[in-house]
A.B. asks: 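Next up is a structure, given as structure tokens.
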Amino acid sequence: MNIDLMPMLPELFLLTATCILLLIDVFSKDFDRLQTYRLAQLSLLITGVMVIAQFPDLQYHLYQRHFILDPMAGIVKVSVIALSMVGMMFARPYILQRPILRGEYFILHLFAVLGMMVLAGGGSLLTLYLGLELLSLSLYALVAMHRHSTLASEAAVKYFVMGAIASGFLLYGMSMVYGVTGKIHITDIALYLETHQASLTLRFGLVFMVVAMAFKFGAVPFQMWVPDVYHGAPTSVTAFIASAPKIAAFALVIRILGYGFEQVLIDWQGMLIIMATLSIVIGNLVALAQDNIKRLLAYSAIAHVGYFLLGIIAGTGAGYSASFFYIITYAIMSLGGFGCLIYLAKGKQEVELISELKGLGQRNPWGGLLISFLFLSMAGIPPFVGFWAKLEVIRAVLDVDLVWLAVLAAVMSVVGLFYYLKVVKVIFFDAPESEIKVKAERGLRLALGITGVAVVALGLFPAQLLEVCRQAFQYL
Amino acid sequence: MLEQLPILSLLIWIPVIGGLVIMFGPGDRLLAVSQRLGLFLGILTLFLSCWLGWAFATDTAQMQFMENNRWIPSLNIHYALAIDGISLPLIVLTSLIGLLVLISATAAIKKRQSQYFAAVLMLTGLMNGVFAAQDAILFYVFWEAMLIPMFLLIGIWGGPNRVYATVKFFLFTFFGSIFMLVALIYMGREADSFAIYDLQNLPLSLTEQKWIFFAFLLAFAVKIPMFPVHTWLPDAHVEAPTGGSVILAAIMLKMGGYGFLRFSLPVTPDAVAEYAYWIILFSLIAIVYVGLVALAQKDMKKLIAYSSIAHMGFVTLGTFIIVYLTASQAQSMALQGAMVQMISHGLVSGALFFSIGVLYDRMHSREIADYGGVVNSMPIFASLLMLFILANAGLPGTSGFVGEFFVIIASFQADWRIAMVAALTLILAAAYSLWVYKRVIFGKTASEAVARLEDVTKRERLVLFTLAILIIALGVYPQPLIEIMQPSLEKIIESATLTKIGGLG
């Protein structure tokens with residue numbers, strides 16, 4: 001048998017590189033783990049270059065159709081790698097200060113990226129599940145890294161238990177679907193649904209899978225774990241969890257719902273509408289009451305998931321590309337949002353409360369400005385990129401004549417603006433309580449700068465990214 | 001030479017980028033450089049806008065100085081700029097007021113002055129963008145982006161309760177405009193284009209028009225502001241620094257009126273015909289009720305803020321009364337009145353807020369009761385303020401008279417009762433304006449501090465005299481302004497009186 005391994009080269013390379021790195025790290029005498037960090041960044045960079053080098057212009061189904069290579073997978077991989085690289089830039093100075101400086105941190109990071117890449121290219125229920133598990137297990141371990149912190153341990157256990165239940169649901173749903181259709185490939189399931197009536201069991205299976213995906217995303221009513229995990233996990237891990245894996249989860253949703261179950265759109269659309277509405281309303285309203293920035297961002301993440309679902313609800317190519325754009329830009333903003341907490345941390349002392357940001361605009365004009373950009377972007381104020389994301393999803397739901405949902409989304413964004421403004425207000429209008437300037441190391445400033453500039457640059461010139469997202473779904 | 005330049009882009013981006021350069025370049029460390037650069041950019045912007053006025057062809061309703069580039073091809077959004085006779089006066093006004101605010105700020109603002117300069121410059125550029133944008137989404141981007149510098153302006157340099165006021169301001173206006181965004185996207189889908197021109201020609205059923213009309217109404221009514229969504233304005237004005245108040249009153253309020261003319265009338269003519277009655281009713285309430293509220297104010301800035309709301313009532317009245325007019329001459333008179341009122345109010349309210357700023361910088365109080373007998377120590381100031389106060393009351397010979405007079409005459413032809421109620425303003429405005437003038441300027445010298453007041457400085461004189469000259473010029477000879485607007489207004493009347501429903505079949 002002659003198998004061409006080229007299409008899977010980036011994944012294979014990353015796997016090999018990670019394993020080698022694991023060995024190097026064990027024998028490394030480098031106390032700072034600088035070597036591991038640099039090699040990890042390097043392997044991500046090379047993987048990214050490989051992905052770009054063989055960026056597919058069409059959709060290819062490879063390896064007995066378990067593996068899909070298409071523009072969407074390509075974009076997911078590139079953005080996941082880019083975000084992970086910036087995420088590691090945030091992470092290194094943070095873990096240097098804390099007892100979680102181990103080589104495994106970066107290696108788990110790499111395994112998570114590998115999981116996401118497999119997920120993005122999953123062509124069958126099996127590969128999708130494998131990718132998701134690889135990602136999830138790495139994340140559980142990352143959250144638990146901070147062994148001596150009770151908060152982190154609690155978060156890790158919660159995350160693990162919840163995540164395991166969700167995976168169970170997913171597997172259960174998949175087995176039901178397999179039981180009815182006898183198919184494991186996404187395309188086969190789609191074909192089956194074109195010729196057969198969807199049976200009750202199949203629909204049950206679909207419901208289980210939707211629930212599992214909602215768990216992973218943290219959409220209401222499956223959001224309970226989000227604030228605790230985001231709050232409890234080491235901030236650098238939170239920043240990572242809240243960014244790249246969301247894009248990968250998007251790929252999961254699209255592969256299953258968009259490609260596999262498009263015929264029964266009517267069955268899952270209603271569920272998503274309820275979840276989106278609840279997420280937007282509850283996420284935004286509860287965020288109003290938060291004093292803790294991490295919790296505020298966690299609830300805002302729930303609200304953003306609601307917005308993101310709007311595009312999926314539309315069930316059209318335009319809708320999916322709107323969601324795609326939304327989730328990519330949100331991942332950037334979210335990474336920056338949590339990243340700024342790392343940036344502001346003074347040694348081991350982390351910034352917890354909003355009031356600790358007082359007068360940041362005077363102490364650190366640049367830092368204050370970048371953070372405000374990120375928050376205003378999350379609120380959807382032009383000229384920042386969050387505005388285009390919001391515009392796109394509202395357009396998507398208007399396309400399918402769900403005007404009330406568009407209006408609700410618009411109204412709730414005013415509520416959102418209120419709590420984002422609360423942060424901006426504290427940064428610029430309150431007098432500083434101390435004269436201490438934030439002293440962040442260069443890599444950290446660079447990472448924050450990248451996210452801040454991305455938010456502005458994509459806000460002024462969103463055409464390119466929009467076009468790329470649109471082309472990812474031209475076959476639908 | 002100037003013809004080849006993308007002049008509208010320059011009007012927007014010179015101040016915006018200049019503001020950024022000032023903030024991150026010289027900043028407060030090299031304040032003198034920041035000041036000079038800021039003033040230079042302000043003068044340059046004003047010069048460009050004046051050149052625009054000079055090169056503008058007044059005999060056509062065509063859009064001029066067109067710039068059209070693809071911005072986001074996948075959504076068919078364009079970076080399209082152009083102006084007609086409605087935009088031009090507002091752009092000139094914006095550039096002028098922006099420069100005057102900068103001039104007065106060099107002395108009045110003590111802390112973080114370079115950032116203040118930056119905020120004002122950026123605000124000027126973005127507001128020019130609002131008036132020049134010919135693509136609905138571009139318009140919206142400027143419309144919202146403008147809130148950020150204003151938010152900072154009030155929040156950083158404002159009075160004691162500034163944070164409450166600025167958050168309220170931001171939320172109110174954002175709440176208003178988010179529905180406009182939904183409406184714009186909806187129409188953009190229908191028309192497959194976001195060009196304002198295409199939206200104006202888009203056939204819409206009556207139901208659609210009604211919803212879109214309300215979405216626009218919410219956005220523009222909050223901005224202008226109309227009774228009963230005016231409550232953010234007095235708060236914002238009272239807390240804002242002088243320059244913020246001036247920009248707010250002189251230009252931001254005009255955006256509501258501009259929006260009505262640019263969007264509401266041409267895009268949803270049938271819904272306008274349906275609901276004009278209510279708008280007129282609320283305008284009359286604003287004119288009379290808010291006028292009465294103004295009488296009761298103890299704070300000078302609040303008083304002028306309420307008087308602004310009452311004056312803006314004339315703009316909405318003039319805009320929507322055309323539905324009830326049949327003679328085209330009366331219709332164009334109504335719209336001319338509304339437009340002249342906007343420009344004039346920009347000058348007059350700007351001048352009044354500058355004057356209050358002059359007093360506030362010396363006394364650090366805006367309470368009317370703290371003043372009295374100012375004329376003894378500040379005679380030049382007193383005579384200038386007299387002019388502004390009379391213009392505010394609508395004295396013939398000042399610009400304040402022209403707009404109100406036009407609107408009242410036009411509405412008389414629709415219904416004499418409307419004209420009657422509207423004309424009450426002549427009494428009310430005179431009452432609150434003159435009364436506050438009497439209490440502040442005349443009477444016994446209120447305190448030692450008042451007696452020691454120094455008269456206007458050279459810088460203040462420059463600002464106030466400029467405005468005074470313009471107010472009188474516009475009052476005596478408004479014809480050039482009207483000529484500039486006339487063709488564009490006629491086009492609006494034409495599209496506002498045509499039904500859009502028939503086209504659907």
Side-chain angles (χ1 to χ4, degrees), chain A residues 318 321-322 325 361-362 365-366 369 372-373 376 379-384 387-388 390-399 401 403-418 420-422 424-430 459-471, chain B residues 16 20 23-24 27-28 70-75 77 79 111-112 115 126 129 137-148 151-152 154-158 162-164 166-190 194 208 211 215:
Chain A
S321 74
F325 184 78
Q362 286 175 50
W366 276 102
L369 201 70
S372 312
F373 282 178
L376 287 174
I381 305 282
F384 306 112
F387 166 70
W388 300 107
K390 209 145 274 178
L391 183 139
E392 275 278 88
V393 291
I394 288 179
R395 208 172 81 106
V397 284
L398 283 178
D399 266 337
D401 287 329
V403 180
W404 67 270
L405 200 51
V407 172
L408 177 92
V411 173
M412 290 314 291
S413 73
V414 182
V415 178
L417 175 66
F418 183 73
Y420 294 124
L421 275 190
K422 213 161 75 172
V424 178
K425 175 203 100 177
V426 170
I427 292 177
F428 279 109
F429 303 159
D430 288 358
L460 291 177
F461 307 102
Q464 219 62 35
L465 186 59
L466 276 169
E467 189 59 32
V468 164
C469 290
R470 215 165 60 102
Q471 276 174 3
Chain B
V16 171
L20 288 174
M23 185 152 57
F24 292 111
D28 277 336
R70 274 150 37 112
W71 186 20
I72 304 170
S74 61
L75 294 175
I77 294 172
Y79 174 77
K111 71 167 181 183
R112 295 156 85 180
Q115 291 174 31
L126 294 172
I137 298 295
L138 184 65
F139 170 82
Y140 186 84
V141 168
F142 283 128
W143 173 276
E144 292 278 282
M146 179 188 77
L147 295 178
I148 301 171
F151 174 73
L152 297 176
I154 301 178
I156 296 179
W157 292 277
R162 59 185 196 271
V163 174
Y164 166 78
T166 194
V167 172
K168 188 173 177 182
F169 157 76
F170 203 142
L171 285 178
F172 250 75
T173 38
F174 185 72
F175 177 78
S177 41
I178 194 78
F179 294 99
M180 176 167 77
L181 177 65
V182 177
L184 291 177
I185 298 173
Y186 181 86
M187 288 193 292
R189 272 182 53 250
E190 301 279 304
F194 283 102
E208 287 174 312
W211 284 105

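Residue numbers begin at 1 in each chain, while the letters A, B, ... track the order of the sequences.
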A.B. asks: Is it the backbone or the side chain of L398(A) that comes under 4.5 Å from a heavy atom of chain B, or both, or neither?
C.D. replies: both
A.B. asks: Which of the residues F142(B), F151(B), W143(B), Y186(B) is involved in the greatest number of heavy-atom pairs with chain A at under 4.5 angstrom?
C.D. replies: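 Winner by heavy-atom pair count: F151(B).
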A.B. asks: Side chain, backbone, both or neither: which part of S372(A) has a heavy atom under 4.5 Å from chain B?
C.D. replies: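 S372(A) has no heavy atom closer than 4.5 Å to chain B.
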A.B. asks: Could you tell me which of F429(A), F387(A), F418(A) has the largest number of non-hydrogen atom pairs under 4.5 Å with chain B?
C.D. replies: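 When all of F429(A), F387(A), F418(A) are compared, F429(A) has the most.
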A.B. asks: Which atoms of Q464(A) come close to chain B, meaning under 4.5 Å heavy atom to heavy atom: side chain ones, backbone ones, both, or neither?
C.D. replies: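 Neither; nothing under 4.5 Å.
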A.B. asks: Using non-hydrogen atoms and a 4.5 Å limit, figure out which bit of L147(B) sits close to chain A: side chain, backbone, both or neither.
C.D. replies: neither
A.B. asks: Between R395(A) and chain B, which part of the residue has a heavy atom less than 4.5 Å away: side chain, backbone, both or neither?
C.D. replies: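 R395(A) touches chain B through backbone and side-chain heavy atoms alike.
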A.B. asks: Can you sort out the partners of R70(B) under side chain to side chain contact (heavy atoms under 4.5 Å, CB included), two or more places apart, ordered by chain and number?
C.D. replies: P73(B), H78(B)
A.B. asks: Would E208(B) and E190(B) satisfy side-chain contact (heavy atoms from CB on, under 4.5 Å), going step by step from the backbone distance to the final call?
C.D. replies: CA-CA 11 Å; E208(B) 287 174 312; E190(B) 301 279 304; 3.7 Å; yes
A.B. asks: Can you tell me which portion of A409(A) sits under 4.5 Å from chain B's heavy atoms? Options are side chain, backbone, both or neither.
C.D. replies: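 Interface part for A409(A): neither.
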A.B. asks: Below 4.5 Å from any heavy atom of chain B, which atoms of F428(A) appear? Answer side chain, backbone, both or neither.
C.D. replies: both
A.B. asks: For A379(A) versus K390(A), what's the shortest heavy-atom pair and its separation?
C.D. replies: O-NZ, 3.8 Å
A.B. asks: Is the gap between the ring centers of F373(A) and F384(A) under 6.0 Å?
C.D. replies: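 They qualify: ring centres under 6.0 Å apart.
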A.B. asks: Check for me whether the distance between the ring centres of W388(A) and W71(B) falls short of 6.0 Å.
C.D. replies: yes
A.B. asks: Quick one: of I394(A), V415(A), I381(A), who has the most non-hydrogen atom pairs under 4.5 Å with chain B?
C.D. replies: I381(A)
A.B. asks: Between Y140(B) and chain A, with a heavy-atom cut-off of 4.5 Å, which part of the residue counts as in contact: side chain, backbone, both or neither?
C.D. replies: both
A.B. asks: For K425(A), is there an ion pair with D430(A) - N to carboxylate O distance below 4.0 angstrom?
C.D. replies: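 No, D430(A) and K425(A) are not salt-bridged.
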A.B. asks: Between V411(A), D399(A), V407(A), L376(A), which residue shows the highest count of heavy-atom pairs closer than 4.5 Å to chain B?
C.D. replies: D399(A)
A.B. asks: Examine whether an atom of L391(A) lies under 4.5 Å from a heavy atom of chain B, and if so say whether it belongs to the side chain, the backbone or both; otherwise answer neither.
C.D. replies: both
A.B. asks: Which heavy atom in R112(B) sits nearest to a heavy atom in I156(B), and how many Å separate them?
C.D. replies: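 Heavy-atom minimum between the residues: NH1-CG2, 3.6 Å.
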A.B. asks: Taking distance alone, no hydrogens or angles, what donor-acceptor pairs closer than 3.5 Å link side-chain atoms of residues 175-185 of chain B to residues at least two apart or in another chain?
C.D. replies:
{"residue": "S177(B)", "atom": "OG", "partner": "E144(B)", "partner atom": "OE2", "Å": "2.7"}
{"residue": "S177(B)", "atom": "OG", "partner": "T173(B)", "partner atom": "O", "Å": "2.7"}
{"residue": "S177(B)", "atom": "OG", "partner": "F174(B)", "partner atom": "O", "Å": "3.4"}

A.B. asks: Measure V424(A) against the heavy atoms of chain B and call it side chain, backbone, both or neither at under 4.5 Å.
C.D. replies: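 Contact with chain B: side chain only.
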A.B. asks: Do the ring centers of W366(A) and F24(B) come within less than 6.0 Å of each other?
C.D. replies: yes
